[in-house]
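Following: one structure in structure tokens, then a few remarks.
Given the structure is predicted, the values throughout are model-derived calculations rather than measurements. Per chain, numbering begins at 1; letters A, B, ... match sequence-line order.
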Amino acid sequence: MHPEKQKHDFEPKIIAFVCTWCTYAGADLAGTSRMQYPSNVRVLKFPCTGRIDPVFILKAFQQGADGVLVSGCHPGDCHYIAGNFHARRRFATFRKLLEFVGVDLQRLQFSWVSAAEGGKWVEMVTDLTERVRGMGPMVEFKELAMEEQWSGAINTEELKEAYEAI
Amino acid sequence: MTMIDTTSYTLISEAIKTEAKRILTDGTVTAVVGYAAARRKGSVQPIVITTPEDADKLLFSKGAVNNLAVYLTKAKKEIPKTGRIGIVVKGCDLKALVGLMGESQLKRENLYLIGIPCSGVLGSIIQPDTELTEDTIAPKCLECDVHMPTGCDFIPQGAPITPELEKKYAAEIARLEALTPAERWSYWKEQFSKCIKCYACRQVCPFCFCEQCLCDRNKPQMVESTPRPAGNFAWHVIRAMHLAGRCAGCAECERVCPMDIPLNLLNRKMAKELKELYDHEAGLEINEKGPLSMFNEKDDQSFIK
Ligand code: SF4
Ligand code: SF4
Ligand code: FES
């Protein structure tokens, strides 16, 4: 029996970058235990959080993600011993940079989900999906991607004339 | 307006000439990278000299803005073959060299460092003959903590004169931090949209020494290479990220940018964050690992659920 599915005006796209050893197994567990969670999430599997380059997060937003989840093994449990410790520093730094250029950090969630934490996976995905749903679509990056722009504004008579002449 | 006294630069120039002549004559070094007069009055250009006779061309003045360290990264492979190289460094340039040594790009024993007791240089060399004042000085000099470089092989006599002036980067960072995310977004969007992707900033940076830049790769393409707003945004974010914890703050990227994008603002912001997060400052000592290539088990993780 499936619970009644609620209709929403806006279905956010959530991209989840997960490590294969913990969070992916956790998500698998949630599946095999038949737990329900929003189907808004698209899961991308990596060997380790240490392989998740900040540029992937940026790319996800640019390609239309409304929210991004990054998740891996708990500290001390990384299959490669220290991948997640390195990732933790990198993400802490990257968050600060995104914040400084004006990205709303509410759209970006980091978590540790182990292979046994199917329930925590469900909670993470549900939380982020609902939060992003409340915030609405991530328009900033989409607008940016649509934009064609001349370097600098065409703000002088001379430039306007040259522009018209093309 | 506060004027900055640069009369000591005349004596410093003399000392550089004498020292360069000495080390080239006795064979300590095979070449010296320094500054020489350029064509316009007051302007200065980088020069590499290999004979003692040329030592007279060397000088130091308020126009000596270039970070010469870049000539060693881009030419680093030649250094062991050509022997030891002398280089004239200001404190900020030395920071870059220290960072490069940490990243195993250069070896201390291959360098002969001529340090400059520096009171500051011009922010722009468009008018090289202007006086050095609180308005014309490079903003990086206002925040400099290495007017007197340490650990060099030779430092000319002279004490840098450095009046306390307003720290422009710190003030601007504080102003931006106080804005809302949407306001910051539109500020940077406008700034980044100006970029023409000439990559002058990358070319001049001593730390951008990757043989192939991530931003030039097209399989997969992580950063759009055309100068459109989306690709520009990604380029600037990735550039700042890849230099976080490494950037020496020489502000060369900002100086060479033909579109006047405040690049060093991002660099300074990242430096500030890494200082707060991991108590790290780039360029003070030779560290094998930067803040983002090491970790502490107790690092903050309050942002991770
Ligand atoms: S990023 Fe800019 S300020 Fe930092 S080292 Fe490179 S050129 Fe200098
Ligand atoms: S120097 Fe300026 S215009 Fe050129 S690529 Fe760098 S930021 Fe863009
Ligand atoms: S293997 Fe899971 S975080 Fe490294």
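Contacts between B/Asp300 and chain A at a heavy-atom distance below 4.5 Å involve the backbone alone (N, CA, C, O). The parts of B/Met241 that come within reach of chain A are both its backbone and its side chain, each placing non-hydrogen atoms under 4.5 angstrom from that chain. Both the backbone and the side chain of A/Glu99 come within less than 4.5 Å of a heavy atom of chain B. Residue contact with chain A, scored on non-hydrogen atoms closer than 4.5 Å, involves the backbone and the side chain of B/Ala234 alike. Contacts of A/Leu97 with chain B are made by both backbone and side-chain atoms, with heavy-atom separations under 4.5 Å. Residue B/Phe192 touches chain A through its side chain alone, counting heavy-atom pairs closer than 4.5 Å. Only the side chain of B/Leu214 comes within less than 4.5 Å of a heavy atom in chain A; its backbone stays farther off. Heavy atoms closer than 4.5 Å to chain B are found in the side chain of A/Met124, but not in its backbone. Heavy atoms of B/Thr180 lying under 4.5 Å from chain A are absent altogether. Heavy atoms closer than 4.5 Å to chain A are found in the backbone of B/Lys298, but not in its side chain. For A/Glu140, the parts lying near chain B are the backbone and the side chain together; criterion is any non-hydrogen pair under 4.5 Å.
Within 6.0 Å of atom CD in B/Gln203, 12 or fewer heavy atoms from other residues, nucleotides or ligands are found, so the atom counts as exposed in its surroundings. Within a 6.0 Å radius of CE in A/Met35, other residues, nucleotides and ligands contribute more than 12 heavy atoms. No more than 12 heavy-atom neighbours from other residues, nucleotides or ligands sit within 6.0 angstrom of CD on B/Gln127. By the 6.0 Å contact criterion, NZ on B/Lys197 is enclosed, its count of non-hydrogen atoms from other residues, nucleotides or ligands being greater than 12. When the shell of 6.0 Å around CD of B/Glu288 is examined, it contains 12 or fewer heavy atoms from other residues, nucleotides or ligands.
In this structure, B/Lys305 and A/Lys120 approach most closely via the heavy-atom pair O-NZ, 3.5 Å. Nearest heavy-atom pair, A/Ser111 versus B/Ile304, reported as atom, atom and distance to 0.1 Å: CA-CG2, 3.5 Å. Nearest heavy-atom pair, A/Ala145 versus B/Ala230, reported as atom, atom and distance to 0.1 Å: CA-CB, 3.8 Å.
Most heavy-atom pairs under 4.5 Å with chain B, from the set A/Phe56, A/Phe61, A/Phe110: that is A/Phe110. Counting heavy-atom pairs closer than 4.5 Å to chain A, the top residue among B/Gln301, B/Met270, B/Glu183 is B/Gln301. With respect to chain B, the highest number of heavy-atom pairs below 4.5 Å among A/Asp104, A/Val101, A/Asp127, A/Asp53 belongs to A/Val101.
Checked against the 6.0 Å centroid threshold, A/Phe100 and B/Trp185 do not count as a close aromatic pair.
Identified by a heavy-atom distance below 4.5 Å to chain A, the contributing residues of residues 164-177 of chain B are B/Ile173, B/Leu176, B/Glu177, in residue-number order. Among the residues in residues 80-96 of chain A, those with a non-hydrogen atom closer than 4.5 angstrom to a non-hydrogen atom of chain B are A/Ala82, A/Phe85, A/His86, A/Arg88, A/Arg89, A/Arg90, A/Phe91, A/Ala92, A/Thr93, A/Phe94, A/Arg95, A/Lys96.
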